[in-house]
Asks: 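One structure, pasted below without further comment.
The structure displayed is predicted, hence computed values, not measured ones. Ligands are counted one by one from 1 in listed order, and the atoms in each one are counted from 1 as well. What's counted below: heavy atoms across the whole structure, side chains too, no hydrogens, waters or symmetry copies.
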Amino acid sequence: MNPAQPSPPAHPAQAAKSVQPAPSAPAPSAPAPCAPEDVRRVACVGAGVIGGGWVAHFLARGYDVTAWDPAADAEQKLRRLVAAAWPALEQIGLAEGASPDRLTVTATLEEAVSDAQFVQESAPEKLELKRDLLARLDAAAPEGVVIASSTSGYPMSEMQTLAAGAGRLVVGHPFNPPYLIPLVEVVGGERTAPSAVGWASRFYEVAGKSVITMEREVPGFIANRLQEALWREALHMVANGEATVAEIDASITEGPGLRWACMGPMLTFALAGGEGGMAHMLDHFGPSLKAPWTRLEAPELDRELYDAVVRGCEEAAAGRTIAELVAERDRGVIDVLRATGRLADRRTEGAAK
Ligand SMILES: NC(=O)C1=CN([C@@H]2O[C@H](COP(=O)(O)OP(=O)(O)OC[C@H]3O[C@@H](n4cnc5c(N)ncnc54)[C@H](O)[C@@H]3O)[C@@H](O)[C@H]2O)C=CC1
Ligand SMILES: C[N+](C)(C)CC(=O)CC(=O)[O-]
């Protein structure tokens with residue numbers, strides 16, 4: 001179900017619960033039982049593609065992990081996923097004491113979280129299911145333990161409606177596979193205690209993740225909104241016969257994707273302005289915002305947006321000159337080309353000898 005679409009009408013039995021006056025302040029949350037740095041035991045509830053990837057990540061970072069999933073073959077599939085991921089995790093480096101042997105798959109959800117110091121939920125992307133599950137996790141986990149949802153796009157405000165202890169519920173949105181892609185986007189809901197957001201962000205950092213802590217709830221968070229914009233345009237182009245699936249993928253892997261592994265879209269485009277940076281880029285290509293290059297509605301490039309983007313790029317450059325940024329980008333692109341086997345011997349290319 002696409003989070004951007006209106007959520008299904010609440011079940012009558014839940015309607016009363018889910019229709020609550022917007023709280024004037026976040027719900028209080030009991031203090032977490034331990035500091036993020038002192039966590040040793042993590043529970044993962046839902047152990048499919050992402051939940052299993054979280055299990056592999058936490059095991060590789062040296063945690064004791066309990067996992068629960070209602071599927072009959074969940075343990076077999078989970079242990080197979082962890083075993084398949086382990087060579088990669090050994091290659092990038094394991095924490096001291098890390099071992100797949102520190103995984104315990106429990107028979108019930110309650111057992112999985114009963115002694116947990118952090119809980120990561122990764123059940124299917126269905127709003128009603130997450131509402132019920134988060135309420136169940138809140139009832140079963142030790143008081144104060146932060147519970148994070150891997151949701152791809154639902155605001156926590158929509159998911160925490162049935163939980164008595166909503167103050168400890170946060171979004172901790174990962175990227176597949178969580179054991180290799182470092183980003184996790186953290187954001188609370190209307191009833192989430194700010195302390196729970198801060199605790200979760202710090203825990204993920206300690207656990208080796210790269211954290212973006214959002215100040216505002218936005219469906220789809222940051223990276224999925226950006227991915228979704230590209231994804232929808234790609235689907236339109238395939239639907240209209242404007243590009244094939246192969247052309248869509250090659251257009252990224254042989255083009256912008258190489259740069260995006262080293263530098264985000266904002267600084268990348270600042271370099272499109274040469275020595276003039278983002279200001280020149282906007283002066284030069286600003287009118288293109290009105291060109292029919294995408295079906296996505298463009299914002300007005302007014303002075304406020306112009307200045308915000310220019311200033312943001314100057315801050316991101318952090319004192320690096322355009323020339324230094326170009327050199328950094330080029331080193332990164334060469335490393336990615338080499339790492340992905342695309343830096344073959346090029347002496348045979350080019351002008352006739
Ligand atoms: N697949 C991906 O690339 C990413 C997925 N996510 C999010 O992670 C969550 C899980 O997605 P996937 O792992 O892809 O789905 P999946 O279908 O691979 O795994 C979901 C797992 O949840 C289990 N499950 C079903 N009902 C449950 C319940 N009531 N309580 C606990 N577990 C239950 C299923 O048995 C299954 O193993 C979703 O919210 C999704 O949006 C987030 C980032 C990336
Ligand atoms: C396709 N998806 C929406 C589930 C992707 C994500 O949520 C994040 C990712 O791994 O790209």
Asks: So which atom in A85 and which in Y179 form the shortest heavy-atom distance, rounded to 0.1 Å?
Replies: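 Here A85 and Y179 meet closest at CB-CZ, 3.5 Å.
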Asks: What residue and atom, counting heavy atoms only, is the protein's closest point to atom 9 (C) of ligand 2, and at what distance?
Replies: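 In this structure, atom 9 (C) of ligand 2 has F175 CD2, 3.4 Å as its nearest protein heavy atom.
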Asks: With a cut-off of 4.0 Å, which atoms of ligand 1 are near a heavy atom of G48?
Replies: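 Every atom of ligand 1 under 4.0 Å from some heavy atom of G48: 13 (O), 18 (O), 19 (O), 21 (C), 37 (O).
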Asks: Look at atom 1 (N) of ligand 1 and find which of I50, V184, L137 reaches it with the closest heavy atom.
Replies: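 The residue whose heavy atom sits nearest atom 1 (N) of ligand 1 is I50.
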Asks: Consider ligand 1: state whether an atom of it lies below 4.0 angstrom from any non-hydrogen atom of P124.
Replies: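 Yes, P124 has heavy atoms under 4.0 Å from ligand 1.
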Asks: Please write down residue, atom name and distance for the protein heavy atom closest to atom 3 (O) of ligand 1.
Replies: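 Atom 3 (O) of ligand 1 sits closest to the protein heavy atom N176 CB, 3.5 Å.
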Asks: Going by the closest heavy atom to atom 9 (C) of ligand 1, which one wins out of G172, S150, A123?
Replies: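 Nearest option to atom 9 (C) of ligand 1, by heavy atoms: A123.
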Asks: Go through the side-chain N and O atoms of E111 and T66 and say whether any donor and acceptor fall under 3.5 Å apart.
Replies: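 No, because no side-chain N or O of E111 sits under 3.5 Å from a partner of the opposite role on T66.
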Asks: Given the rule in the side-chain contact (heavy atoms from CB on, under 4.5 Å) test, do Y63 and R102 qualify, once you have shown the distances and angles that lead to the verdict?
Replies: CA-CA 7 Å; Y63 294 95; R102 296 176 67 174; 5.9 Å; no
Asks: Taking non-hydrogen atoms only, is F175 closer than 4.0 angstrom to ligand 1 via side chain, backbone, both or neither?
Replies: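 For F175, no heavy atom sits under 4.0 Å from ligand 1.
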Asks: Classify the contact between P70 and ligand 1 as side chain, backbone, both or neither, using a heavy-atom distance cut-off of under 4.0 Å.
Replies: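 Near ligand 1, P70 shows its side chain, while the N, CA, C and O stay back.
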Asks: Would you say atom 17 (O) of ligand 1 touches the protein, meaning some protein heavy atom is under 4.0 Å from it?
Replies: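 No, there is no protein heavy atom closer to it than 4.0 Å.
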Asks: Taking the minimum heavy-atom distance to atom 29 (N) of ligand 1, which of L109, V45, L129, V171 ranks first?
Replies: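 The residue whose heavy atom sits nearest atom 29 (N) of ligand 1 is L129.
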Asks: Where do L89 and A56 come nearest, in terms of heavy atoms and distance?
Replies: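 Heavy atoms of L89 and A56 come nearest at CD1-O, 3.7 Å.
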Asks: To the nearest 0.1 Å, how far is atom 39 (O) of ligand 1 from its closest protein heavy atom, and which atom is that?
Replies: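 Result: E125 OE1, 2.6 Å.
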Asks: Give me the nearest non-hydrogen protein atom to atom 10 (O) of ligand 2 as residue plus atom name, then the distance to 0.1 Å.
Replies: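 That would be N176 N, 2.8 Å.
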Asks: Identify, by atom number and element, the atoms of ligand 1 in contact range of V49, meaning under 4.0 Å from any of its heavy atoms.
Replies: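 Taking each heavy atom of V49 in turn, ligand 1 has 1 (N), 13 (O), 14 (O), 18 (O) under 4.0 Å.
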Asks: How many angstroms lie between CZ in R131 and OG in S149, if you round to the nearest 0.5 Å?
Replies: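 Separation between the atoms: 12.5 Å.
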Asks: Where on E125 is there a heavy atom closer than 4.0 Å to ligand 2, on the side chain, on the backbone, on both, or on neither?
Replies: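 Under 4.0 Å from ligand 2, E125 contributes no heavy atoms.
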Asks: Please state which protein non-hydrogen atom is closest to atom 4 (C) of ligand 2 and give its distance, to 0.1 Å?
Replies: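 Nearest protein contact, heavy atoms only, for atom 4 (C) of ligand 2 is S152 OG, 3.4 Å.
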Asks: Establish, yes or no, whether the cationic atom of R303 lies under 6.0 Å from the six-membered ring centre of Y306 and within 45° of the ring axis.
Replies: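 Yes, a cation-pi geometry holds between R303 and Y306.
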Asks: Measure the shortest side-chain to side-chain distance between S150 and Q120 over non-hydrogen atoms and say whether it is less than 4.5 angstrom.
Replies: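 Yes - at least one pair of side-chain heavy atoms lies under 4.5 Å apart.
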Asks: What protein heavy atom sits nearest atom 11 (O) of ligand 2, and how far away is it?
Replies: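 It is Q227 NE2, 2.9 Å.
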Asks: Would you mind telling me if ligand 1 is within reach of the side chain of D69, the backbone, both or neither, using heavy atoms under 4.0 Å?
Replies: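 Side chain only.
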Asks: What are the two closest non-hydrogen atoms of A229 and L296, and how far apart are they?
Replies: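 The pair with the smallest heavy-atom distance is CB-CD2, 4.2 Å.
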Asks: Please check if a non-hydrogen protein atom sits closer than 4.0 Å to atom 1 (C) of ligand 2.
Replies: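 Flag for atom 1 (C) of ligand 2 set to false, no protein heavy atom closer than 4.0 Å.
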Asks: Go through the steps to decide whether D249 and I252 satisfy the test side-chain contact (heavy atoms from CB on, under 4.5 Å), and finish with yes or no.
Replies: CA-CA 5 Å; D249 278 357; I252 298 300; over 6 Å; no
Asks: Heavy atom of K77 under 4.0 Å from ligand 1?
Replies: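 The answer is no, since K77 has no heavy atom less than 4.0 Å from ligand 1.
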Asks: Please test R259 against L271 for side-chain contact (heavy atoms from CB on, under 4.5 Å), starting from the C-alpha separation and ending with a verdict.
Replies: CA-CA 11 Å; R259 299 183 308 209; L271 302 191; over 6 Å; no
Asks: Select one of side chain, backbone, both or neither to describe which atoms of H173 lie under 4.0 Å from any atom of ligand 2, heavy atoms only.
Replies: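 It is the side chain that gets close, since no backbone atom is under 4.0 Å.
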Asks: Kindly indicate, with the supporting measurements, whether the criterion salt bridge (charged side-chain N to carboxylate O under 4.0 Å, His left out) is fulfilled by R202 and E37.
Replies: CA-CA 8 Å; R202 178 60 188 144; E37 294 80 0; 2.7 Å; yes
Asks: Quick check: are there more than 12 heavy atoms from other residues, nucleotides or ligands sitting under 6.0 Å from CD of E324?
Replies: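 Yes, enclosed.
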Asks: Just to be sure I read this right, does ligand 1 sit under 4.0 Å from the backbone of L133, its side chain, both, or neither, counting only heavy atoms?
Replies: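 The answer is the side chain.
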Asks: Does P174, backbone or side chain, put an N or O under 3.5 Å from an N or O of ligand 1?
Replies: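 So ligand 1 has no N or O lying under 3.5 Å from an N or O of P174.
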Asks: Is the H57 ring parallel, tilted or perpendicular to the W54 ring (thresholds 30°, 60°)?
Replies: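 Plane angle over 60°, so perpendicular.
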Asks: Strictly under 4.0 Å, does any heavy atom of E121 approach an atom of ligand 1?
Replies: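 Under 4.0 Å: no for E121.
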Asks: According to the interplanar angle, ranging from 0 to 90°, do the rings of F118 and Y204 count as parallel (below 30°), tilted (30 to 60°) or perpendicular (above 60°)?
Replies: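 Perpendicular: the ring planes of F118 and Y204 meet at over 60°.
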Asks: Nearest to atom 20 (C) of ligand 1 by heavy atom, G46, S122, G51, G53: which?
Replies: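 Shortest heavy-atom distance from atom 20 (C) of ligand 1: S122.
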Asks: Is a donor on one side and an acceptor on the other found under 3.5 Å between the side chain of E314 and the backbone of G277?
Replies: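 A pair under 3.5 Å: no.
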Asks: With a cut-off of 4.0 Å, which atoms of ligand 1 are near a heavy atom of S152?
Replies: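 Heavy-atom distances to S152 below 4.0 Å select 5 (C), 6 (N), 7 (C), 40 (C), 41 (O), 42 (C), 43 (C).
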Asks: Might you work through the side-chain contact (heavy atoms from CB on, under 4.5 Å) test for E185 and F175, ending with a clear yes or no?
Replies: CA-CA 9 Å; E185 295 168 310; F175 288 78; 3.5 Å; yes
Asks: Which of the numbered atoms in ligand 1 are under 4.0 angstrom from any heavy atom belonging to W68?
Replies: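 Under 4.0 Å from W68, ligand 1 has these atoms: 30 (N), 31 (C).
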Asks: Does N224 approach ligand 2 within less than 4.0 angstrom via side chain, backbone, both or neither, non-hydrogen atoms only?
Replies: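 It is the side chain that gets close, since no backbone atom is under 4.0 Å.
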